[in-house]
Amino acid sequence: MAAVTLLSATGITRDFGGLRAVDQVDFELPEGQIRALIGPNGAGKTTFVNLLCGRLAPSAGRIVFAGEDVTRLPAHARIARGMAYTFQITSIFAALSLYDNVALAAQRRLAAGEGLGAAVAAALGRVGLAGRADQTAGDLSYGHQRLLEIAMGLAQRPRLLILDEPTQGLSDAEIEDFIALIRSVARDATILLIEHNMDVVMTLAERITVMDFGAVLAEGTPGEIKADRAVRIAYLGG
Amino acid sequence: MSGATRKGVVLHLGVVALLAGLQFVLPAYHHGNLARVMVLASFALGYNVMFGYTGLLSLGHAMFFAAGLYGMGLAMRHLGLPALPALALGVLCGAALAALVGLLALRTAGVAFMIVTLMFAQTGYLTILYFGAFTRGDEGFVIPRAARRIGALDLSEPTTRYFAALLLLGLCLFATLALVRSSTGRVLIAIRENEDRARMLGYDVFRYKLLAMVISGAMAGAAGAAYGLLFGYVGATFASVQYSIFPLLWVLLGGAGTVLGPLVGTLFMFYLIDLSSGFTSAYMLIAGVALVLLTLFAPRGLMGLVRARLVPWLP
Ligand SMILES: Nc1ncnc2c1ncn2[C@@H]1O[C@H](COP(=O)(O)OP(=O)(O)OP(=O)(O)O)[C@@H](O)[C@H]1O
Ligand SMILES: [Mg+2]
């Protein structure tokens, strides 16, 4: 069965002053896939996904999501169409309770707040933060804030979940749980995962895109990427 | 209704009941003061929706108060509108002006937003002076006693006036309470806390800010219109920059982002000035010192302090 394309980007470019952070990237993501996006620090991964979800405007290029050209749509409209983005630099509502943080993610899709409490409890439960709904988000440890960030992504029930270095700051045990969690989420969502932890990437990803200097250096299955000479030189250290 | 919501409703009903009871025991002087404070507190409640809950600092709120005051007053004076429809028109003027100003000013943020709202308010103030033939400028005009009636109710009569002011305050209090407990209110607070995150959860931040501004403008307009009707005077002072700073101070003192804060702040500052002017002509100095002390020791305002120390569920 040929998978439907959920997201495609053509010629996506973004300049910061004189610096070209993302350079003419063509990218296609089939529905239901777990895709990893890797590359050295400063390769342009975060900038690229920010262009996809509309947090940044592209200098050039075109983005199609679920059959619709979203290039000109503001971020909130893209999110409303089923994208979700979890931030590399934790961005939660630190002064609010965990409940409110996740409720904000969930309530938009629930008519008149119906079943909001259950949806919040479910999302917190899936990341292992059950029973902490009344705590203030800012009081959580860094690792737990990362998990809350993921819970906010899940609570949106997105078609496309973009995770920017989600395992940063998690313990080994938490990373094990994270891998299982993403597998279960992937049953009804497409995943785009930026990740530095190669074990996580090789275990989870069906395909891997490698970026370097703002451009796509290689793309393939985990096996192909491991064998790719250019990738080894640029990223995996030869 | 969740436990916290029920407690919030009971608390605010209690405050309204207390104010209703005070009517029967207060001497005439304080009775009149309190009516005034309740109307001004409604203005502050409107300011709090924007500043305390949504994080939008306006320096031009006098224009929405004045829109209500003049919308009501001019319609009565020149069109002979009865009090009730004139009051409704005042509310509408406040909301409509807020929508218009919001559409333009909300394209900016932070300091630029403060300056733009300040400029709009100055424009409003000067417009009132410029059309002096129509508005009677600085001098203002009186709304005759005979016109200040709704049905059989004489709004210039102290007891009626007190309960009319209390009704307005109660409406604004419970409207705020309902708003901040709703999912819309949760989004407004989210915008105050982290605008980028709120946007990246799919909320049209501009639309929500505009909504907050219209609600705020409607409350300010209602307060302005009620003030003119209850106290019988319409004048340009109420459009001056002073009346843009007052609600900010009241809300800061009472506690931004608490439902009762605006009332507490307005009451506190009114009596601070009233009492200190009783024994010295340098009363603004005393008021100033008290404000500095409060800002140093209770930076979240009086009700913010109460929430932090005593009543964590305070809405
Ligand atoms: N807002 C910005 N203004 C100017 N330059 C920026 C901005 N954001 C990113 N850059 C630059 O663009 C390049 C790509 O950065 P980006 O954050 O996308 O890389 P990354 O692949 O996500 O790196 P990391 O793995 O460290 O997260 C870097 O050189 C960075 O300094
Ligand atoms: Mg990055």
Side-chain angles (χ1 to χ4, degrees), chain A residues 49-50 52-56 73-97 99-114 116-117 119-120 133-138 145 148-149 151-153 155-158 162 164, chain B residues 1-8 51-55 106-107 109 178-212 255-258 261 299-301 303-305 307-309 311-315:
Chain A
V49 296
N50 275 327
L52 296 181
C53 65
R55 206 160 155 247
L56 288 172
L73 285 186
H76 67 82
R78 297 190 204 184
I79 305 295
R81 280 166 175 71
M83 291 189 192
Y85 174 62
T86 71
F87 287 58
Q88 175 173 8
I89 299 165
T90 311
S91 180
I92 52 174
F93 302 102
L96 306 186
S97 65
Y99 181 90
D100 279 335
N101 271 273
V102 180
L104 279 159
Q107 71 181 27
R108 202 170 36 75
R109 66 179 166 84
L110 299 169
E114 217 166 287
L116 185 58
V120 171
D134 290 331
Q135 281 185 28
T136 303
Q145 290 189 9
L148 174 60
E149 181 90 51
M152 289 164 74
Q156 295 175 65
R157 294 255 182 89
I162 302 172
D164 199 344
Chain B
M1 222 192 292
S2 79
T5 309
R6 192 166 37 243
K7 280 193 269 188
F51 173 63
Y53 286 104
T54 320
L106 286 173
R107 288 164 197 282
L179 176 68
V180 304
R181 287 276 164 201
S182 71
S183 53
T184 305
R186 187 181 282 128
V187 177
L188 298 185
I189 294 171
I191 291 172
R192 176 192 76 193
E193 291 296 317
N194 186 343
E195 182 171 334
D196 187 28
R197 197 37 167 142
R199 181 178 300 111
M200 295 313 288
L201 286 175
Y203 297 105
D204 184 344
V205 168
F206 184 86
R207 238 188 53 204
Y208 277 92
K209 285 181 177 176
L210 189 63
L211 175 70
T258 63
R300 282 152 193 259
M303 295 317 278
L305 193 67
R307 182 193 274 164
R309 294 278 164 83
V311 195
W313 52 266
L314 192 75

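Values reported hereafter were calculated over all heavy atoms of this structure, with side chains retained and with hydrogens, waters and symmetry mates removed. Below, read A as the first sequence line, B as the second, and so on, with proteins coming before strands; counting in each chain starts at 1.
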Completion exercise
If one checks every heavy atom of L104(A) against chain B at 4.5 Å, the contacting part turns out to be both
Practice task
State whether the side chain of R108(A) and the backbone N or O of Q156(A) hold a donor-acceptor pair below 3.5 Å, judged by distance alone.
Solution key: no
Practice task
Kindly indicate whether the side chain of V187(B), heavy atoms from C-beta on, has any atom under 4.5 Å from the side chain of Q107(A).
Solution key: yes
Exercise for the section: Output every pair passing ring pair (Phe, Tyr, Trp, His ring centres under 6.0 Å) with a member in residues 181-206 of chain B, not counting sequence neighbours, ordered by first then second residue. Expected result: Y203(B)-Y208(B)
Handout entry: Max heavy-atom pair count under 4.5 Å with chain B, selected residue of M83(A), E149(A), R78(A)
Key = E149(A)
Handout entry: Atom of L314(B), atom of M303(B) and distance for their closest heavy-atom approach
Key = CD2-O, 3.7 Å
Handout entry: Per-residue contact mode, A84(A) against chain B (heavy atom under 4.5 angstrom)
Key = neither
